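Read the structure below first, then the notes.
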Amino acid sequence: MHRTDLTRIDDFTWEVPESFREGMRVPVRIIANEELIDDILAGEACEQAIQTAMLPGLVGHLVVMPDVYSGQGAPVGIVAVSKWPVGAIAPGAIGHDINTGVRLLGSNIRVDQVEDAFDDLADRLQERIPCGVDAEGSIQLAKSEVDHVAQSGAQWALRKDMAQQDDLVRAEEGGRLNEAEPSKVSDVAQSLGAQQLGTLGGGEHFIEILAVEEVFNRAAALTMGLKEGTLVAQIHCGSRGYGRQVCADYIERFQEVGHDYDITPPNPNLACVPLESSEAEDYMGAMRAAANYAYANRQVLAHRVREVFDDVLDGMGDRLKTVYDVAHNLGQIEMHQVEGKHMRCYVHRKGAARAFGPGTPGISLPYRALGQPVLVPGSMGETSWVMLATRNAMQKSFGSACHGAGRTMSRHEANHQADEVALDESLEEKGIRVRSSSSGESSASTGGVQLKENIDAVVETVAGADLASKVARLKPLAVVHG
DNA sequence: ATGTCC
C-alpha cells in the first residue's frame with residue numbers, strides 16, 4: 001500500500017477509503033505522522049486492518065494507532081466499533097492476551113537517595129516474580145478460587161490483603177468488570193488460571209523501575225502523584241494462559257457457528273457472531289472473567305513489588321501508590337457519537353487504551369475532571385510516557401489512544417535466543433539493569449540488534465492528533481522480564 | 001500473547 005492510495009484528512013490522519021477494497025464496511029483511519037506512516041503502510045498490519053474493517057456491523061471508522069504492528073487476525077493497535085445490536089463481536093479483534101495492560105505505581109522516593117539499591121531491587125524482583133511463558137505462581141488456587149478471582153478482579157486481592165483501597169479507586173473500572181461469567185470459561189483455561197496468578201509471562205511483558213524524568217503538566221502530575229526525580233514502578237502484563245485460552249476457545253466456537261448466522265468472516269482468526277447471540281453473550285462473560293483475572297494479576301504483582309521495596313529499601317513498600325491501571329486489550333459496551341448519532345456500541349480495543357476525555361462518566365473519580373490517564377509504556381527498557389485523554393479523542397478515536405511503542409522487530413521475529421540476548425545487552429549498555437529468565441544462556445550474539453525506538457514519534461503523533469496530552473516522561477532504570 | 005508454529 002502506498003500514500004497515493006490514501007486520503008489525507010489532516011496532518012496526523014490518513015484514510016484508506018471504504019472503496020479501496022470490496023467488502024470494507026468502514027474506512028480505515030491511520031493516526032500517524034510523516035515519520036511513521038510509511039513504515040505502517042509497508043507492514044503486514046495495514047492489510048490486517050483492511051480485513052478487520054470488513055467485520056459485519058462496524059460503524060464510524062476503523063482506528064489504527066501510530067504504534068500498530070501485526071497480530072493474529074486483527075493487528076495490534078486498532079479500535080473497531082460495532083453497532084449494537086446489529087453488529088458482530090470478534091475475539092480476534094480483542095486479542096489472545098485479554099486485558100494485557102499496565103499498572104503504574106508512583107512514589108515519593110527520591111531516585112538519588114536509592115541509587116545504590118537498583119541492582120538489589122532488580123535481583124529481588126526477579127526472584128520474587130515468576131517470569132516466562134511457563135511461569136507458575138507462588139499462589140496455587142483451587143478451581144473454585146479461580147472463579148472468585150475471575151468474578152472479583154483486583155477486589156479479590158483486597159480481600160487477601162494484597163491491595164490497598166486506593167489501588168482500586170485509581171484503576172480503570174475499579175479493577176473489576178461487572179457481569180463476568182467464569183462458568184463460561186473452559187476447564188482448560190481454569191486449570192491454567194489455577195497456576196498462573198502472580199506471574200509475569202513472556203513476550204513483551206515486564207516489570208520496570210523508572211524515574212520521573214520530566215513533567216509537562218504540573219497540575220495533572222500532582223493529582224497523579226508524579227514528581228520529577230522520584231521512583232516509579234510499571235507492570236506490563238495480562239491474563240496469561242487463562243485469557244489466551246478463552247480467546248482460542250471462542251474463536252474456534254465462532255468458526256463453527258458463524259455460518260448459522262450467515263456470516264463469513266474476513267479471515268478465520270476474525271471469526272465473529274452477532275452481538276445479540278447466545279454465543280456472543282457467553283464470550284462476553286468469559287472475556288470479562290479473563291479481564292478480571294488480569295486486573296487481579298497486576299494487583300498481585302503490584303503487591304510483590306511493594307514487598308520487594310519493603311525488603312530492599314527498609315519498609316518503603318507503602319510509599320508506592322497506584323497512579324492508574326489500564327487495559328490495552330478489551331471489548332466494552334459504550335455509548336458513542338457516530339456520524340452525528342448517539343449510539344450504543346461494542347468497542348473492540350486491541351493494543352489500544354480506553355482514553356475518555358474530561359468529564360466522561362466511567363473515568364475513575366480522582367481523574368474524572370482531568371480526563372482518563374493514558375499509560376504509554378515503551379518497549380521494555382525504553383522511555384515511557386504518561387498522558388491524559390482529551391475531549392477530541394471521544395470522536396476521533398471513539399475514546400481511545402495508543403498503548404505503547406510499536407515494535408519494528410516483534411519478539412516473534414526476534415525469536416532467536418541470540419537476538420533476545422543482544423536486545424538485553426543493548427539495554428545494559430545504556431546503564432539499565434536487565435534481569436531475564438533467558439539471559440546469560442548464550443553470548444553468541446553478533447550485537448547490533450536493536451529495537452528501533454519509536455515511542456517518541458508515537459507520543460508526538462498522539463499529542464499532535466489531540467487524542468491525549470503529555471503529562472510526564474519516565475526513564476527506565478531496571479527491567480525484569482521473561 | 002501463548003502448557004509458543006511448521
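In what follows, chains carry the letters A, B, and so on, assigned in the order in which the sequence lines appear, proteins first and then strands, with residues in each chain numbered from 1. What's counted below: heavy atoms across the whole structure, side chains too, no hydrogens, waters or symmetry copies. Remember, predicted model here, so these are calculated numbers, not experimental data.
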- request: Mind calculating the distance between NZ (A:Lys350) and P (B:dA1) to the nearest angstrom?
  value: 11 Å
- request: Using only side-chain N and O atoms of A:Arg244, determine if any of them is under 4.0 Å from OP1 or OP2 of B:dT4.
  value: no
task: For side chain to side chain donor-acceptor pair (under 3.5 Å), just list the numbers for A:Asp424 and A:His481, CA-CA rounded to whole Å, side-chain angles, deciding distance to a tenth of an Å, and then say yes or no.
output: CA-CA 10 Å; A:Asp424 286 347; A:His481 71 91; 3.0 Å; yes
Proximity to DNA chain B (any heavy atom under 4.0 Å), residues of residues 183-196 of chain A only: A:Val188, A:Gln196
- prompt: Which heavy-atom pair separates A:Glu204 from A:His236 by the least distance, and what is that distance?
  reply: O-ND1, 3.1 Å
- request: Would you kindly give the CD-to-C1' distance between A:Glu136 and B:dG3, to the nearest whole Å?
  value: 9 Å
field: Interatomic distance where CD belongs to A:Glu252 and P belongs to B:dT2 [whole Å]
entry: 20 Å
- prompt: For A:Tyr295, what residues pass the ring pair (Phe, Tyr, Trp, His ring centres under 6.0 Å) criterion, not counting sequence neighbours?
  reply: none
query: Less than 6.0 Å separating the ring centroids of A:His259 and A:Tyr261?
result: no
- request: Indicate whether OP1 or OP2 belonging to B:dT2 is found under 4.0 Å from a side-chain N or O atom of A:Arg240.
  value: yes
- line: Atom CD of A:Gln72 and atom C1' of B:dA1 are separated, to the nearest Å, by 8 Å
task: Work out which heavy atom in A:Lys350 is nearest to a heavy atom in A:Gly95; give both atom names and the distance.
output: CE-CA, 3.8 Å
message: Whether the side chain of A:Glu204 and the base of B:dA1 hold a donor-acceptor pair under 3.5 Å is what I'd like checked.
response: no
- prompt: Whole-Å distance between B:dA1 P and A:Arg349 CZ?
  reply: 20 Å
query: What nucleic acid atoms does A:Gly238 come within less than 4.0 Å of, heavy atoms only: base, sugar-phosphate, or nothing?
result: nothing
query: Hey, are A:Gln190 and A:Asp147 close enough side-chain-wise for a donor-acceptor pair under 3.5 Å?
result: yes
message: Using whole Å, what does the distance between atom P of nucleotide B:dA1 and atom CE of A:Met380 come to?
response: 8 Å
query: Which is true for A:Gly201 with a 4.0 Å heavy-atom rule: it touches a base, it touches only sugar-phosphate, or it touches nothing?
result: sugar-phosphate
message: Does A:Gly202 reach a base, just sugar-phosphate, or nothing at all? Heavy atoms under 4.0 Å.
response: sugar-phosphate
message: Nearest whole Å is fine: how far is B:dA1 P from A:His96 NE2?
response: 12 Å
field: Spacing of A:His481 atom NE2 relative to B:dT2 atom C1', expressed in whole Å
entry: 17 Å
message: Expected output is a numbered-order residue list: members of residues 283-292 of chain A with a heavy atom under 4.0 Å from any atom of DNA chain B. What is it?
response: none
task: Locate the shortest heavy-atom distance separating A:Ala296 from A:Gly153; write the atom from each residue and the value.
output: CB-O, 3.5 Å
- prompt: Are A:Glu382 and A:Lys430 ion-paired here, with the side-chain N under 4.0 Å from a carboxylate O?
  reply: no
- prompt: Would you call A:Arg253-A:Glu256 a salt bridge at under 4.0 Å N-O?
  reply: no
